[in-house]
Number of protein chains: 2
Amino acid sequence: MYRTTMHSPELLKGSLQTIILKLLADNDRMYGYEITQKVKELSGGKLVLTEGALYPTLHKLEAEGFLKTEKVHLGKRVRKYYHLTPVGKNSVVQRIEDFEAFISTMFKILSINPQLG
Amino acid sequence: MYRTTMHSPELLKGSLQTIILKLLADNDRMYGYEITQKVKELSGGKLVLTEGALYPTLHKLEAEGFLKTEKVHLGKRVRKYYHLTPVGKNSVVQRIEDFEAFISTMFKILSINPQLG
DNA sequence: GTGCGATACATTGGAGTCTTATGTAATACG
DNA sequence: CGTATTACATAAGACTCCAATGTATCGCAC
């Protein structure tokens, strides 16, 4: 997926949108590069987003109405800030619930006790 | 992935191999249809494997040396039992550790408290 | 004795998601 | 000034899974 130092990158498939939406729910507005750095920080370096995964996903979430953008000029450079739309805000709650349901089901199948930290 | 009543089937991508290997670690030998039923049972009906996902995955795991098969004749029908190879047994432990590491990282990013059951 | 649901295997085409590679360009810093 | 970092982006391809389809047997009710 988005490059990881863990052994099974496939596991992460499908969670990138959830990660992005959650970060934007916590931080009001962020730009692409900032998201990659925040993920690296929060995961203790275990998760490193590639741009090839990030930007197409941001564009898709925007096209689907979950995100809005505003361009900010910094000297000659243009930075694109993303923030949640009202629809986006609702979907964050839903997606985290879905993720928790998924984990709960996987714990049952894999016989994992639900108190790992 | 393998059809689910949850809202985000994409989340499950990448975990099918882990599920299969774990079931075979717990049950010594199983055949395809039996695996679909066991997953349905363990997940409380939330996860339903499709054959289009299951059989290619079983064949792939066999080709990679994680599984071996034995054919059992039942009247005119042939049932294919799968069981873990020694390599397969080692990989189960590894994959579950990877899965737990993934969950741990996701919990950090999504600010989820690790005591949902 | 037959029709139907369940059992049991399998393949194919396609959608979706991510990776690798590549491209462009500005800024910071030594 | 050259190199790492910041910052955007796209394109080709791999990989995983789903939906659809195919074949065939078995158990049971009617």
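In what follows, chains carry the letters A, B, and so on, assigned in the order in which the sequence lines appear, proteins first and then strands, with residues in each chain numbered from 1. Values in this document were obtained by computation on a predicted structure and should not be read as measured data.
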- Could you tell me the separation between the CD atom of B:E64 and the OG atom of B:S91, rounded to the nearest 0.5 Å?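 Spacing of CD (B:E64) from OG (B:S91) equals 9.5 Å.
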- Which of the following nucleotides, D:dC8, C:dT17, C:dT11, is nearest to the side chain of A:K80?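 Of all the options, the side chain of A:K80 is nearest to D:dC8.
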From [atom1] of [X] over to [atom2] of [N], roughly how many Å is that when rounded to an integer?
X: A:I19; N: C:dT17; atom1: CD1; atom2: P; answer: 14 Å
X: A:Y31; N: D:dC8; atom1: OH; atom2: C1'; answer: 12 Å
X: B:M30; N: C:dC9; atom1: CE; atom2: P; answer: 11 Å
X: A:L54; N: D:dA9; atom1: CG; atom2: C1'; answer: 11 Å
X: B:E51; N: C:dT11; atom1: CD; atom2: P; answer: 12 Å
X: A:L61; N: C:dG16; atom1: CG; atom2: P; answer: 14 Å
X: A:R77; N: C:dA28; atom1: CZ; atom2: P; answer: 8 Å
X: B:E62; N: C:dA10; atom1: CD; atom2: P; answer: 9 Å

For [X], report the nucleic acid contact type (base, sugar-phosphate, nothing); a contact means any heavy atom under 4.0 Å.
X: A:G52; answer: base
X: A:R79; answer: sugar-phosphate
X: B:K71; answer: nothing

Counting only side-chain nitrogens and oxygens, does [X] get under 4.0 Å of the OP1 or OP2 atom of [N]?
X: B:H59; N: C:dC9; answer: no
X: B:K60; N: D:dT16; answer: yes
X: A:Y55; N: D:dC8; answer: yes

- Item | salt bridge (Lys or Arg N to Asp or Glu O under 4.0 Å) between B:E70 and B:R29, intermediate numbers included | CA-CA 9 Å; B:E70 55 184 310; B:R29 70 173 204 177; 3.5 Å; yes
- Query: Of A:G75 and B:L58, whose closest DNA chain C nucleotide lies nearer the 5' terminus?
  - Reply: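 On the 5' side of the pair lies B:L58.
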- Query: With no hydrogens and no angle check, do the side chains of B:T57 and B:Q17 hold a donor and an acceptor under 3.5 Å apart?
  - Reply: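 No, no side-chain donor-acceptor contact under 3.5 Å.
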- Query: Regarding B:Q94 and B:N90, is there a side-chain donor-to-acceptor distance under 3.5 Å anywhere?
  - Reply: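 No, B:N90 and B:Q94 have no side-chain donor paired with an acceptor closer than 3.5 Å.
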- Query: Do B:K40 and B:L47 come close enough that some side-chain heavy atom pair is under 4.5 Å?
  - Reply: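 Heavy-atom side-chain distance check fails, nothing below 4.5 Å.
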- Message: Which is more 5' along DNA chain D, the nucleotide nearest A:L74 or the one nearest A:P56? Just name the residue.
- Response: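 Its nucleotide being nearer the 5' end, the pick is A:L74.
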